> 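Have a look at the structure that comes next, please.
Every value quoted in this text rests on a predicted model; they were computed, and no experiment measured them.
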4 protein chains.
Amino acid sequence: MVEYRIDRGSGVPAYVQIVDQTERALRMGTLKVGDKLPTAREVVAATAINPNTVLRAYRDMEQAGLVELRRGLGTFVTRSLARPGAEGDSPLRREITDWTARARAAGLERADVLALVTAALDAYDDERDTHTPGDRERKKEDA
Amino acid sequence: MVEYRIDRGSGVPAYVQIVDQTERALRMGTLKVGDKLPTAREVVAATAINPNTVLRAYRDMEQAGLVELRRGLGTFVTRSLARPGAEGDSPLRREITDWTARARAAGLERADVLALVTAALDAYDDERDTHTPGDRERKKEDA
Amino acid sequence: MVEYRIDRGSGVPAYVQIVDQTERALRMGTLKVGDKLPTAREVVAATAINPNTVLRAYRDMEQAGLVELRRGLGTFVTRSLARPGAEGDSPLRREITDWTARARAAGLERADVLALVTAALDAYDDERDTHTPGDRERKKEDA
Amino acid sequence: MVEYRIDRGSGVPAYVQIVDQTERALRMGTLKVGDKLPTAREVVAATAINPNTVLRAYRDMEQAGLVELRRGLGTFVTRSLARPGAEGDSPLRREITDWTARARAAGLERADVLALVTAALDAYDDERDTHTPGDRERKKEDA
DNA sequence: GTGGTCTAGACCACT
DNA sequence: GTGGTCTAGACCACC
């Protein structure tokens with residue numbers, strides 16, 4: 001079962017945080033097709049945000065084709081975002097888990113780690129853009 | 001010079017994106033004390049957002065003690081967030097750059113990479129929480 | 001400018017009525033790409049429904065790719081649903097206008113007219129289904 | 001025998017769709033006084049909605065005086081909504097059947113056809129409103 | 001002054 | 001007891 005953690009005061013709307021965290025769980029395979037999301041009530045109990053806000057997030061994901069809201073039953077995953085290469089026992093995953101642990105142990109904060117990865121992603125994209133001419137764009141997921 | 005990229009439609013307020021990206025540059029050392037941020041005019045030209053929105057972000061960072069607005073001159077960095085271990089030639093940085101490139105080359109999207117790192121960070125924190133009792137909290141930067 | 005008419009008590013959610021009426025205007029060419037929808041405030045003034053309900057409808061249409069909400073500016077049509085054959089001076093349109101007038105003059109109510117057309121649509125679909133075997137389905141727009 | 005088709009996802013409550021479709025059949029004469037509606041069980045089998053929802057619709061129609069629920073026997077039509085002019089062999093009906101077929105053959109979708117008719121109805125009402133002063137109102141059946 | 005988020009709470013639809 | 005609509009009103013982001 002997913003557990004949402006809402007950071008009030010991050011400036012990021014609560015419903016966006018729910019959507020992002022759900023998508024992340026889908027990408028990681030933590031959430032699979034058919035799985036049930038926590039009910040709005042459960043999320044409310046766990047996070048102290050308003051039921052309407054939770055439903056807003058669920059509705060958005062429904063329109064995005066990720067989940068299905070069934071009245072009287074709950075909300076269920078209808079599409080997977082899982083990627084080969086991101087499984088729990090993949091080499092890439094073992095490596096990043098190890099690297100992250102070392103980075104944290106070296107005194108880097110969560111934000112530092114994410115900044116490093118973002119910089120690495122940007123570097124990779126810029127590298128590719130340079131070699132393959134075309135319109136240079138970085139895809140969302142930035143903020 | 002930092003280059004802001006605003007993702008309209010990410011749901012994240014534009015001024016938050018500016019602050020986040022600036023902080024990231026500070027953590028990475030891309031931006032150092034004394035450096036000048038782009039003028040509102042320049043940001044507007046590059047991103048098509050309203051000057052007031054840029055100024056709002058700069059004012060927020062001034063209040064956070066990160067930058068100083070000198071009227072007629074520009075906005076200047078007053079504090080560093082750089083971390084030892086995150087320098088451009090540090091081993092951690094070389095490793096993550098390499099790993100990211102391999103992950104992307106393996107077909108993972110930007111979002112997948114960030115999801116993997118976030119999961120690794122969560123795993124690390126949970127691990128520590130288990131061994132060292134205390135209030136279990138994950139700090140912002142999550143959404 | 002579109003003018004929404006909300007039938008409270010029809011059982012159909014107000015935001016659905018707004019979406020339906022907007023789509024209808026798009027199909028008829030009454031609303032064209034670039035046109036501005038009435039502001040939420042204007043709709044509120046004209047229909048006595050809550051601003052949030054209007055915004056809910058506009059947001060839904062934005063996600064459907066029909067309109068774009070620009071903060072501080074308004075809501076604008078981004079996609080046309082106009083169909084060749086449905087223009088104001090097309091033969092089909094002249095014919096239906098004439099037929100409808102005669103039906104109404106003959107004492108049929110609005111609901112009768114719509115029932116007749118729906119029956120005719122059903123008959124047409126059933127006819128086709130009979131001749132071309134396959135899964136028999138009637139598309140939405142039914143309720 | 002009527003055959004209900006429920007469009008989940010149209011936003012219109014299922015029980016409203018049942019009532020609407022029944023009324024339409026009454027107006028068209030497809031359903032006559034004394035006719036038996038399908039049992040809740042049959043509707044459930046055909047539409048995969050909950051029996052309670054069907055009963056809710058039947059009860060609403062009973063209160064509206066359209067049908068009578070006889071326990072153990074079924075639900076029966078008690079009132080006609082048929083209109084002279086809408087019979088199966090009336091000229092108006094032949095004309096609209098023909099027109100609809102041509103409209104569909106010309107590439108118009110079901111929704112386009114309904115939009116055209118609605119526009120024609122609106123035009124007719126507006127015309128009359130202009131010539132005969134009074135409160136200008138469009139009756140339900142709109143959404 | 002535009003759209004946008006969130007809250008609170010009432011009532012409804014559906015299983 | 002699930003999700004769903006709507007209202008009212010406060011406050012925010014953006015132009």
> Mind calculating the distance between CZ (R56(D)) and C1' (dC14(E)) to the nearest angstrom?
10 Å

> Taking NZ from K36(C) and P from dC15(F), how many angstroms apart are they, rounded to a whole number?
15 Å

> Got a donor-acceptor contact below 3.5 angstrom from the T53(C) side chain to the I49(C) backbone?
no

> So what's dC14(F) paired with, Watson-Crick or G-U wobble, going by both distances under 3.5 Å?
dG1(E)

> For E62(C) and dT5(E), give me the distance from atom CD to atom P, rounded to whole Å.
9 Å

> Tell me if the side-chain of N52(C) makes a donor-acceptor pair with the base of dG9(F), cut-off 3.5 Å, by modelled atom types.
yes

> Considering just the side-chain nitrogens and oxygens of T39(A), establish if one lies under 4.0 Å of OP1 or OP2 belonging to dG1(F).
no

> Between dT5(E) atom C1' and L69(C) atom CG, what is the distance in whole Å?
13 Å

> Can you tell me how far C1' of dC12(E) sits from CZ of R8(C), to the nearest Å?
15 Å

> Identify whether any heavy atom of Y15(A) sits under 4.0 Å from a base atom; if not, whether one sits that close to sugar-phosphate; answer base, sugar-phosphate or nothing.
sugar-phosphate

> On the nucleotide dT15(E), are OP1 or OP2 found under 4.0 Å from the side-chain N or O atoms that T53(D) carries?
yes

> What integer distance in Å separates N50(A):CG from dA8(F):P?
17 Å

> Under 4.0 Å: is that the gap between some side-chain N or O of R71(A) and OP1 or OP2 of dG3(F)?
no

> Any side-chain to backbone donor/acceptor pair from E62(D) onto V67(D)? Under 3.5 Å, distance only.
no

> Starting at atom CD1 of I6(D), determine the distance to atom P of dA13(E), rounded to an integer number of angstrom.
14 Å

> Select base, sugar-phosphate, or nothing to describe what R41(C) touches, counting heavy atoms under 4.0 Å on all strands.
base

> Any donor-acceptor pair under 3.5 Å linking the side chain of Q17(D) with the backbone of D7(D)?
yes

> Could you tell me the separation between the CG atom of L55(A) and the P atom of dC12(E), rounded to a whole number of Å?
18 Å

> Indicate yes or no for a side-chain donor-acceptor contact from E42(C) to the backbone of T39(C) under 3.5 Å, with no hydrogens or angles considered.
yes

